[in-house]
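The figures that follow rest on heavy atoms only: side chains count, while hydrogens, waters and symmetry mates do not. All residue numbers in this chain count up from 1 along the given sequence. Note that the structure is predicted; figures quoted are calculated from it, not measured.
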Amino acid sequence: MKGKRIFPIAWLAIACMAAAMGAEAPTTPVLPPVRHPGGGQVVYFLLTDRFANGSSANDRGGIAGESVSAHGFDPTRVQFYHGGDLVGLTGRLDYLQRLGVSAIWITPPFVNKPVQGGFGSGSAGYHGYWITDFLNIDPHLGTLEQMRAFVDAAHARGIRVYCDIVVNHTADVITPSGGGGYVSKFSFRYRDAEGNVFDDRAFAANGIVNPDFPAMSAVTSFPRPPVVAAGEPTKKPAWLNDLTNYHNRGDSAFSGEDYNYGDIAGLDDLFTEKREVLEGFIEVYRYWIETVGFDGFRIDTVKHVNPEFWQGFSPAIRRIAREAGIEDFLQFGEVFNGDPRYLSQWSTAAGIDTVLDFGLVFQMREFVSRGRSSDTLYNLFDQDDLYTDHDSNAASLVTFLGNHDIGRFGFFLREDNALAPDERLLDLAELGYGLLFTVRGQPCVYYGDEQGMVGT
C-alpha cells in the first residue's frame, strides 16, 4: 500500500527525468474528476412563509374564523404564519436572478397541521415540518398550479428548485396511552400481532428493508398503545394512518437509540425500518418529481433515520429523476453534526448524494467571528477526502454560514463581538461570505443575509 501511495510522485520524477533526457514521457490514464452532475450551484435558502406575501387571500390557509389557534396567521408574533406564499416568491425571481443564485431551496410546501401546542398559546407550522398531507400544497402557501408556475418561471431563468422533504416524522397527531417519556427497547421489546418478541433491526440490514417484517398490532406491539384524539386530522397518503407504521416509544431525549426511535418534540416518528414506509415515501416523492419537476431534495433529519432506509430511498429517487429527464437531480441531507468522520458516512455508506456542511459553519464561526487560528479551517479541510466516493466528493457539500437550524451569521458576529461597531461587523460578514464563496463546496445564502439581517 505504501508503494501505491507514492506512485504519483515516482511517476512525476520519471517523467521529469525523461523530459530532461529528451525522451518521450510515459503516459498514464487520466481519471475524470469525481463531480456530482448537479454540483457547482450557488443556493439561496428561504422560508416561503417569510419571503414575500403575494396574495393576502391565502394568509389564513382557507380556514374560517378569527382564531389564531385555528388558522395560525399572526404576523405580529414570530411563531405564527406571516403570509409569505408562492405568488410572492414567483414575483421575486428577477431579484434572485440579479443576485446571481442558480438554485433556490424552499422549505417543505406540503399541508401542515396549522397549529400545535407549546410556546404558550401554541405555534404554527409556517416552517413546513409538521406535515399531515404529503400529497398537496399547504393552502397558506398557495396551490399546486402556483407551485408549477413558480418552478417553471425559475427554470425559464436557468434557476433550479430544491424542495425540502421529510420522511422521519409527521405532525404530532398520535399520543401514547397514559403519556410519559421515552421507553427503551431494553425495557420493552417490540412484539408482533401474536405477542412474539422480535428485533426490528434484523429486518433492515445490509441496505435491504425486508418485506417479511412481522405484522404488528397497535394494542399489543408497543410499550403504550398509541391513540389519536378526536378532532385530529387524517393524514395522506392513507398508509400514514396505520398506527403500526410509527415507532411509538415516546419523546426522544437525543441520546442513544432514541435518536432513531423517539419522537422529536412529540412529532410522530415513522417506523422507517418497515418496507411499507420506505416504499410509501418513494411513491410520495416520485409524485412530486413527476408532477412539478423539482431539481433536487434537501432531506430533513437524516441522522434520525436508519441508514438502510437511505440505501433504499436515495437510489430509487435517483432512478425516478432520471426517468423524468432530470439527470442531475441532487439530494443533500441535514445531518446536524460538525464531525466530518460522522457527516461523511451519510453521503458514502448511506448513499445520499451529499450533506449540508455543518463542520464548515462551526469552524467558520471560530475563525471569522471568534478570531481563532486558521488551523481550525486547515484541520477541517484536511479531512475532505472522507467525502470522496464513486459519485461525489467535498466539492458537492452544501456550505453555509447560517440557517433556520442554527441562526444567522450576523447574530453570531454580534454575539461574539458585543463591543464592536457596525463597520467592524460588516467587515467580518464580508470576510465570512468571501471565504464561503471561495472555499470548496456549493455556497448557500440564507435569505435576508444579503440584506444585512441579524435575527435574534
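With hydrogens and angles disregarded, no donor-acceptor distance shorter than 3.5 Å links the side chain of T399 to the backbone of G441. Distance alone, capped at 3.5 Å, places no donor-acceptor pair between the E232 side chain and the A229 backbone.
Note: M147 CE to C163 SG = 6.0 Å, rounded to the nearest 0.5 Å.
A salt bridge links D405 with R298; the closest basic N to acidic carboxylate O contact falls under 4.0 Å. Classification of E334 and K303 as a salt-bridged pair fails, no side-chain N sitting under 4.0 Å from a carboxylate O. We find that R275 and D212 are not joined by a salt bridge, their nearest charged nitrogen and carboxylate oxygen being 4.0 Å or further apart.
Between H71 and E66, the side chains place no donor N or O within less than 3.5 Å of an acceptor N or O (distance only, hydrogens not considered).
With W288 as reference, F110 is the one residue of F110, F134, Y162 to meet the ring pair (Phe, Tyr, Trp, His ring centres under 6.0 Å) rule.
Here the closest non-hydrogen pair linking D85 and N58 is OD2-OD1, 3.2 Å. Pairing each heavy atom of V183 with each of E257, the nearest pair is O-OE2, 4.5 Å.
Contacts of D59 classified as salt bridge (charged side-chain N to carboxylate O under 4.0 Å, His left out), with partners at least two apart in sequence or in another chain: none. Every residue was checked against the ring pair (Phe, Tyr, Trp, His ring centres under 6.0 Å) condition with Y433, not counting sequence neighbours, and none meets it.
At least one side-chain heavy atom of D357 sits less than 4.5 Å from a side-chain heavy atom of L343. When side chains are defined from C-beta on, Y447 counts as touching R50, because their heavy atoms get closer than 4.5 Å.
A cation-pi arrangement is absent between R249 and F222, since the terminal nitrogen or guanidinium carbon is not both under 6.0 Å from the aromatic centre and inside a 45° cone about the axis.
K185 NZ: more than 12 foreign heavy atoms inside a 6.0 Å radius.
Note: W105 and F45 meet the aromatic proximity criterion, with ring centroids under 6.0 Å apart.
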